[in-house]
Amino acid sequence: MSDNANSAKILHGLNPQQQQAVKNCQQPCLVLAGAGCGKTSVITRKILWLLHEEKIPSNRLAAVTFTNKAANEMQSRLKKHLSATERKNLTVCTFHSLGLSLLKQNYNEANLSANFSLIDPQDVQKLLKEIGDEQGVYDLAQIRQVSFIISRYKNQNISPEKAFQLEDKLDFAEPEIIELSNRIYSYYEQKLQAYNLIDFDDLLLKPLQLLQHSEIVKNDWGKRFQHILIDEYQDTNECQYQLLIQLVKPDPTNPLPDPQFTAVGDDNQSIYEWRGANPQNLNQLKVDFPNLEIIPLEQNYRSTNTILNASNALIENNQSIIAKKLWSTLGDGNAINLRHFPNNIEEANKITQAIAHHHLINKTSLNDYCVLYRSNYQAEPLEKNLKQLDLAYTVSGGISLFNRSEIKTVLAYLKLMANPQDNVSFLRIINTPKREIGDKTIQQLIQYAENTDLSLFEACNSNGLYGIFTEKICQRLNHFHSWINEKRNKILDDLKTGMDTLLEETHFFDWIIAQAKHKKTGQNQVERIKRLQQWLLNIQKYNEGYDLADIIHHLNLVERLEDQDNKDQASISLMTIHNAKGLEFPYVYLIGLEEGSIPHYNNLQNERGIAEERRLAYVAMTRAKKQLTLSHSANKQTHKGNVKLTPSRFLKEIPQQYFIDTNKQLTPEEKKQQREFYINRMKEMFVEKE
């Protein structure tokens with residue numbers, strides 16, 4: 001194939017603005033991609049262009065995303081166009097995965113041991129509670145706030161020392177909580193260091209610190225990539241922005257061409273400011289890179305023009321970097337349904353009935369429907385109605401598989417085997433299932449380990465135990481130590497056999513079933529553990545050379561964050577707007593459009609908060625492909641009685657011409673069909689099928 005033919009093939013089907021974004025490779029580039037405007041196509045085509053037209057080696061390219069799902073989607077699109085060598089050498093990963101790779105290669109520079117472990121958010125809370133107890137702070141609500149603030153500190157590249165200096169400049173918590181957080185932050189870092197642990201925020205902070213201060217790391221990673229592509233750039237925090245700066249900083253001593261980057265994002269879809277994202281990073285690019293080319297993408301391939309025009313009108317009330325007006329060739333489509341109800345219970349009732357009726361009349365798939373809301377509690381009345389109608393549904397954002405106690409316990413065994421300094425995992429499993437090692441023994445062991453500068457696991461095999469404990473207790477602790485080492489060796493030899501042996505010798509499944517309140521609950525827990533085993537085997541199978549620590553890191557970093565139950569059947573999606581980011585559905589119902597909900601009462605105090613809530617509503621509206629329904633209620637029923645509600649201010653910002661009031665009576669034929677539908681559903685529920 002000629003060069004011209006190959007170029008044409010890469011650019012085929014792209015509109016002029018998308019083509020411009022793909023071909024711009026010699027200078028920094030910011031692609032402002034509106035909702036549904038084909039940003040993933042632009043990124044994947046640009047990777048092909050950089051490889052095949054610019055002739056950049058695949059090992060010098062990186063595409064960085066925010067979720068593993070996005071990375072997998074990108075790899076899937078590229079797979080058929082790349083050779084095996086290109087696929088292997090090309091870096092397509094999340095920011096956190098990139099940080100983990102850097103730390104694994106430079107753990108000494110980060111003052112870590114090779115077998116460092118990644119601590120999950122629940123165990124972070126435990127560790128902070130342990131520090132709080134030592135400091136005389138027993139309020140769990142305060143500990144949760146401290147956890148949030150420390151995370152914000154790390155995402156803003158603020159060290160414990162710097163935190164004290166910035167004490168009066170922070171505006172996301174009360175002064176006394178800030179002061180408490182500053183005090184605990186240092187102790188928390190000391191505990192992580194002692195236990196050879198890092199938290200998820202360290203996957204960004206520590207690599208940044210190494211790039212800024214370590215010549216070894218700067219000389220390696222600062223010259224590694226010739227072009228970096230960043231997806232969902234509007235969601236970057238301070239650490240992620242500075243990481244990009246370090247990776248693309250020109251180096252006059254490097255004979256290779258200066259690295260370039262392509263950032264793809266949309267300031268109108270920045271909805272994570274509450275967890276540290278800084279949409280102003282888009283503006284900062286223009287300051288730090290004066291030759292930045294900005295390319296807006298406005299042609300939408302998802303929604304009708306009615307949905308887009310209403311969304312444009314709403315978001316125009318925010319200040320944008322470059323004003324964008326989304327448009328589509330899909331036609332005007334239907335007017336937006338606007339529904340008002342006397343209370344939230346009636347809202348849930350009527351919305352679910354409307355979905356049932358539409359599904360019946362149009363013979364659509366249940367997968368086509370999504371109900372969006374601001375807060376998780378709004379799902380409960382929807383679920384009750386859908387159960388009564390016997391309509392399958394899926395609630396996103398429920399309890400993750402990796403937040404379940406039985407899974408965390410099994411993983412704690414593996415984490416301790418991978419990192420003997422991991423005191424958090426040790427404490428989780430030392431007496432689970434029971435080993436006749438009581439709380440008093442554990443407290444004395446903790447004190448002994450601190451006095452001798454040993455980890456709790458190492459202390460179990462120390463000769464000094466015999467001067468503290470009875471011979472029987474010493475034997476139990478020694479046995480636990482040798483048993484863990486024995487199981488580690490078995491797992492390293494054969495993961496499946498080793499895992500099976502671990503579960504058999506602890507009688508773990510029997511213990512799970514005996515502990516469960518109901519037989520079915522125990523059986524579900526056993527099935528989840530078996531599912532975990534299969535995931536571990538799959539990770540090892542598809543990642544050649546992974547040791548036990550690598551497998552645990554992969555599982556924690558990738559699968560845990562995005563665990564979702566498989567959809568074995570078509571179902572209606574119920575989810576918060578935040579969970580809907582990046583998704584699309586033919587029929588979207590956005591409920592609870594009242595002051596205090598959308599916009600949320602936490603963000604009513606200033607225009608910055610209102611602007612983020614407006615972006616959230618915009619994201620919700622632009623998930624819809626064919627039909628959008630907005631609804632609000634006059635009252636909310638609570639256990640304390642009715643609370644009067646006011647319609648969201650955002651409804652007034654959308655021109656009425658795009659709405660149709662659907663609080664109308666059904667036709668006789670529609671009523672008949674609806675009645676037959678409910679009768680058939682009731683028969684299915686109560687009549688035994690042959």
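Note that CD1 of I245 is 13.0 Å distant from CD of Q240, once rounded to the nearest 0.5 Å. In this structure, NE2 in H227 is found 7.5 Å from SG in C29, a value given to the nearest 0.5 Å. Rounded to the nearest 0.5 angstrom, T40 OG1 and R45 CZ are separated by 11.5 Å. In this structure, CE on M575 lies 14.0 Å from OH on Y393, to the nearest 0.5 angstrom. Interatomic distance, CD of E347 versus OH of Y373, reported as 12.5 Å (0.5 Å rounding). Separating the CG atom in L590 from the NE2 atom in H632 is a distance of 11.5 Å, to the nearest 0.5 Å.
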Q | Test log, rule side-chain contact (heavy atoms from CB on, under 4.5 Å), inputs N6 and E53 | A | CA-CA 8 Å; N6 190 53; E53 299 302 310; 2.8 Å; yes

Q. Checking side chain to side chain donor-acceptor pair (under 3.5 Å) for the pair N283/Q280: CA distance, chi angles, key distance, verdict?
A. CA-CA 5 Å; N283 277 322; Q280 291 307 311; 2.8 Å; yes

**Q.** Evaluation steps, side-chain contact (heavy atoms from CB on, under 4.5 Å), between H600 and S375
**A.** CA-CA 9 Å; H600 197 271; S375 303; 4.0 Å; yes

(Q) Determine whether R374 and E613 satisfy the following criterion, salt bridge (Lys or Arg N to Asp or Glu O under 4.0 Å), listing intermediate values before the conclusion. (A) CA-CA 10 Å; R374 182 63 173 83; E613 292 295 314; 2.8 Å; yes

Q | Worked check of salt bridge (Lys or Arg N to Asp or Glu O under 4.0 Å) between K325 and E298 | A | CA-CA 6 Å; K325 278 192 175 292; E298 299 175 297; over 6 Å; no

Q | Check against side-chain contact (heavy atoms from CB on, under 4.5 Å), Y601 and E595 | A | CA-CA 7 Å; Y601 63 86; E595 292 290 301; over 6 Å; no

Q: Under the salt bridge (Lys or Arg N to Asp or Glu O under 4.0 Å) rule, what do K636 and E594 come out as? Steps first, then yes or no, please.
A: CA-CA 10 Å; K636 178 169 69 175; E594 302 102 19; over 6 Å; no

Q. Can N334 and T304 be said to form a side-chain contact (heavy atoms from CB on, under 4.5 Å), step by step?
A. CA-CA 8 Å; N334 298 324; T304 65; over 6 Å; no

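The backbone N or O of L326 lies less than 3.5 Å from no partner atom in the side chain of N300, so there is not a single donor-acceptor pair. Side-chain atoms of N362 never come within 3.5 Å of backbone atoms of T364 as a donor-acceptor pair (strictly under, hydrogens ignored). For the pair E86 (side chain) and S58 (backbone), a donor-acceptor distance under 3.5 Å is absent. Side-chain N or O atoms of N385 include one that pairs as donor or acceptor with a backbone N or O of P381 at under 3.5 Å. Of the possible polar contacts, one joining the T306 side chain to the D332 backbone as a donor-acceptor pair under 3.5 Å is found. Distance alone, capped at 3.5 Å, is enough to place a donor-acceptor pair between the S597 side chain and the G592 backbone. A donor-acceptor pair under 3.5 Å is absent between the side-chain atoms of N349 and the main chain of I345, judged by distance alone. Between the side chain of R302 and the backbone N or O of K625 there is no donor-acceptor pair closer than 3.5 Å. A distance-only check finds a donor-acceptor pair linking the side chain of S303 to the backbone of A624 [under 3.5 Å]. When atom types are taken as modelled, the side chain of S328 and the backbone of N305 share no donor-acceptor pair closer than 3.5 angstrom.
Under the 4.0 Å criterion applied to side-chain N and carboxylate O atoms, R623 and E584 are not assigned as salt-bridge partners. A salt bridge between K384 and E380 is present, with a side-chain N of the basic residue lying under 4.0 Å from a carboxylate O of the acidic one. Taking a cutoff of 4.0 Å between a charged side-chain nitrogen and a carboxylate oxygen, R77 and E73 qualify as a salt bridge.
T576 and N376 form no side-chain donor-acceptor contact under 3.5 Å, judged by distance and modelled atom types alone. In this structure, a donor-acceptor pair under 3.5 Å is absent between the side chains of R615 and N268. Under the 3.5 Å distance criterion, with hydrogens and angles disregarded, a donor-acceptor pair is assigned to the side chains of N155 and N237. Side chains of D201 and S151: a donor on one and an acceptor on the other come within 3.5 Å. One side chain, S571 or T394, offers a donor N or O that lies under 3.5 Å from an acceptor on the other. Between the side chains of Q226 and E54, no donor-acceptor pair of N or O atoms lies under 3.5 Å. Side-chain contact check for Y589 and N337: no donor-acceptor pair (N or O, by modelled atom type) lies under 3.5 Å. Side chain to side chain, Q242 and E238 meet the donor-acceptor criterion of an N or O pair below 3.5 Å. Using a 3.5 Å distance cut-off with no hydrogens or angles, the side chains of Y369 and H358 do pair a donor with an acceptor. Side chains of N281 and Q284: a donor-acceptor N/O pair is absent below 3.5 angstrom, by distance only.
Partners of K324 by salt bridge (charged side-chain N to carboxylate O under 4.0 Å, His left out), not counting sequence neighbours, listed by chain and number: D266, D267. In this structure F261 satisfies the ring pair (Phe, Tyr, Trp, His ring centres under 6.0 Å) test together with F289, sequence neighbours excluded.
Less than 6.0 angstrom separates the ring centroid of F66 from the ring centroid of F95.
Closest heavy-atom contact between R649 and P599: NE-CG, 3.9 Å.
Looking only at side-chain heavy atoms (C-beta outward), L330 and Y301 stay at 4.5 Å or farther from each other. Counting heavy atoms from C-beta outward, V619 and K581 have side chains that approach closer than 4.5 Å. Side-chain contact between I591 and L372 is absent, with no heavy atoms from C-beta onward closer than 4.5 Å.
Few gaps surround OH on Y377; more than 12 heavy atoms of other groups in view lie less than 6.0 Å from it.
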